Amino acid sequence: MEAYKLWVRKNRDLVRSLESLANGLTWILPERFANSEIAPEAVYAFLGIVSSVNQHIIETPTDGQTLASKEQSIPWSLVVSVLKDIEAVVEVAAQHFVGDDRKWSFLAVTEAVKAGVRLAAFRESGYKMLLQGGEVANEEEINILDENFGAKSNGVPVIYPMNGHFQNGHGVASNGLDGKAGFVSKSLEGRAVAALNKFGQNAKMTSDPMWMKKALPPPDPPAMVVEKPTLASIWSAKGISGRLFLLGEVVHIFRPLLYVLLIKKFGIKSWTPWLVSLAVEITSLGIHSRATDLHQRGGKVHQLSSAERDELKRRKMMWALYVMRDPFFTRYTKRHLQKAEKVLDPVPLIGFLTGKLVELVEGAQTRYTYTSGS
């Protein structure tokens, strides 16, 4: 396994090219969206899992001294990615063996497992916002300047990323509280760390007598302070804005499970699951917006990082999936697609491509739009 990891890290560009080629070929497999076609879906899921594992290998630090490797024994982002790939196979297999109506019971179980994993990832990250449904680790880098929350090296503040990785031999783990913090660009982090640490070392060399340097052994690296925030600490430290943030994130995590359960109860053609799921999406975004507004009005510390602001924008864009979900799709979207196909059908090549595109959209709509977007 170690040899494979080394090969992936050395040939990351080749690995990504092969993955893209393999994923592209799966879309031209015969009967890609046919009923009871389990094998093509299993192949596609297998390639997705391999891609997720390779990406995890590439992104995992190799120094062997990272705090994340000691503190986080389970790669939750990888687990979420694997579950999302497996879910499509579960749906196809359930549809084949038990039918369209009863397959939602199996999807509900899968969504319940995903919700549990995402809650665990949410807690493990220190109750930070899940990026892309938990598939991407929230490791926004931060500059800690408050002596109550940061650490010092040689009399100067230490800059460290929130994932706890060491920089130039120094590093601590974020306790999840923002304190007096300002975000540091990844491209400038290395130079900032080097400059500050060099400044501290030069100051120490100037103040210490030469005989002390010879007599005393070199100091050990500072001990790591790991204080993961608890739910109670966030509840009391971040005020109402932090509580609203936690509530909004939990609502977002359970939205897919609620949607599938409502489909199981009312049926895919009912407006109730569609409307309730959309309302939950809007409520979650509204809660996050309210938490941010309270902070801007002088509430207790709760700041969104740039990655978290991008995540909120992504969640809004994912609302477009609702035009692909029944009953809206059957009543409105599909009708307009068929009209466009009829208009463009007489045009050479364009009509052929339009027909294939409509066929692809209709096939994907029946399988991938209901559990996506979380």
Side-chain angles (χ1 to χ4, degrees), residues 41 45 48-49 52 74 76-95 98-125 127-136 138 231 244-288 311-312 314-329 364-374:
E41 199 63 53
I49 293 173
S52 299
I74 301 177
W76 294 111
S77 59
L78 177 60
V79 175
V80 173
S81 299
V82 171
L83 283 175
K84 293 186 73 171
D85 289 322
I86 293 176
E87 187 170 31
V89 181
V90 171
E91 180 176 0
V92 176
Q95 182 178 351
V98 300
D100 290 335
D101 295 334
R102 297 176 60 187
K103 74 177 183 180
W104 297 105
S105 299
F106 294 89
L107 287 178
V109 173
T110 307
E111 285 296 337
V113 174
K114 284 170 58 179
V117 170
R118 283 170 173 156
L119 278 178
F122 185 44
R123 179 180 180 275
E124 186 73 24
S125 67
Y127 300 99
K128 292 187 290 184
M129 181 182 293
L130 297 181
L131 305 182
Q132 297 186 21
E135 293 187 79
V136 177
N138 190 345
L231 191 60
L244 287 176
F245 170 80
L246 292 175
L247 177 61
E249 199 64 15
V250 171
V251 169
H252 176 73
I253 289 173
F254 280 98
R255 196 277 312 167
L257 175 60
L258 176 63
Y259 185 38
V260 172
L261 289 175
L262 290 175
I263 292 177
K264 179 178 180 294
K265 181 177 180 179
F266 294 99
I268 194 66
K269 299 299 182 182
S270 173
W271 281 100
T272 300
W274 192 92
L275 291 173
V276 171
S277 179
L278 180 59
V280 172
E281 295 263 25
I282 297 174
T283 300
S284 176
L285 265 296
I287 292 174
H288 281 304
E311 171 63 17
L312 292 181
R314 186 194 72 87
R315 293 180 185 181
K316 291 179 181 179
M317 293 180 62
M318 297 306 291
W319 290 357
L321 283 172
Y322 283 91
V323 304
M324 296 292 293
R325 292 169 176 166
D326 281 329
F328 190 94
F329 178 82
Q365 183 273 335
T366 60
R367 189 167 298 162
Y368 298 111
T369 60
Y370 298 100
T371 56
S372 299
S374 58

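Bear in mind that the values here come from a model prediction, so they are computed numbers and not experimental data. We count residues from 1, following the sequence as given.
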Grab the two heavy atoms, one from [X] and one from [Y], that are nearest each other, plus how far apart they are.
X: Trp274; Y: Pro327; answer: CB-CD, 4.1 Å
X: His252; Y: Ser284; answer: CB-OG, 3.4 Å
X: Val323; Y: Ala320; answer: CG2-O, 2.9 Å
X: Ser52; Y: Asp85; answer: OG-OD2, 3.8 Å
X: Leu244; Y: Ile287; answer: O-CG2, 2.8 Å
X: Ala94; Y: Lys103; answer: CB-CB, 3.7 Å

Would you give the length of the straight line joining atom [atom1] of [X] to atom [atom2] of [Y], rounded to the nearest 0.5 angstrom?
X: Leu321; Y: Phe328; atom1: CG; atom2: CZ; answer: 12.5 Å
X: Ser77; Y: Leu131; atom1: OG; atom2: CG; answer: 10.0 Å
X: Trp76; Y: Leu83; atom1: CH2; atom2: CG; answer: 10.0 Å
X: Leu261; Y: Lys264; atom1: CG; atom2: NZ; answer: 7.5 Å
X: Asn138; Y: Glu311; atom1: CG; atom2: CD; answer: 9.0 Å
X: Glu281; Y: Arg255; atom1: CD; atom2: CZ; answer: 4.5 Å

Do [X] and [Y] have side chains that get closer than 4.5 Å, going by heavy atoms?
X: Trp319; Y: Leu285; value: yes
X: Val280; Y: Phe254; value: no
X: Lys128; Y: Glu249; value: no
X: Phe245; Y: Met129; value: yes
X: Val276; Y: Leu258; value: yes

On the six-membered ring of Tyr322, is Arg325 placed so that its NZ or CZ lies under 6.0 angstrom from the centre and within 45° of the ring axis? yes
Look at the side chain of Arg118 and the backbone N and O of Val80, then say whether any donor-acceptor pair between them is shorter than 3.5 Å. no
Glu135 side chain to Ser81 backbone, donor-acceptor under 3.5 Å: no
Thinking salt bridges, do Lys114 and Glu111 make one under a 4.0 Å N-O criterion? yes
Taking Lys269 as the fixed residue, which of Asp100, Asp101, Asp326 is the one that meets the salt bridge (charged side-chain N to carboxylate O under 4.0 Å, His left out) rule? Asp326
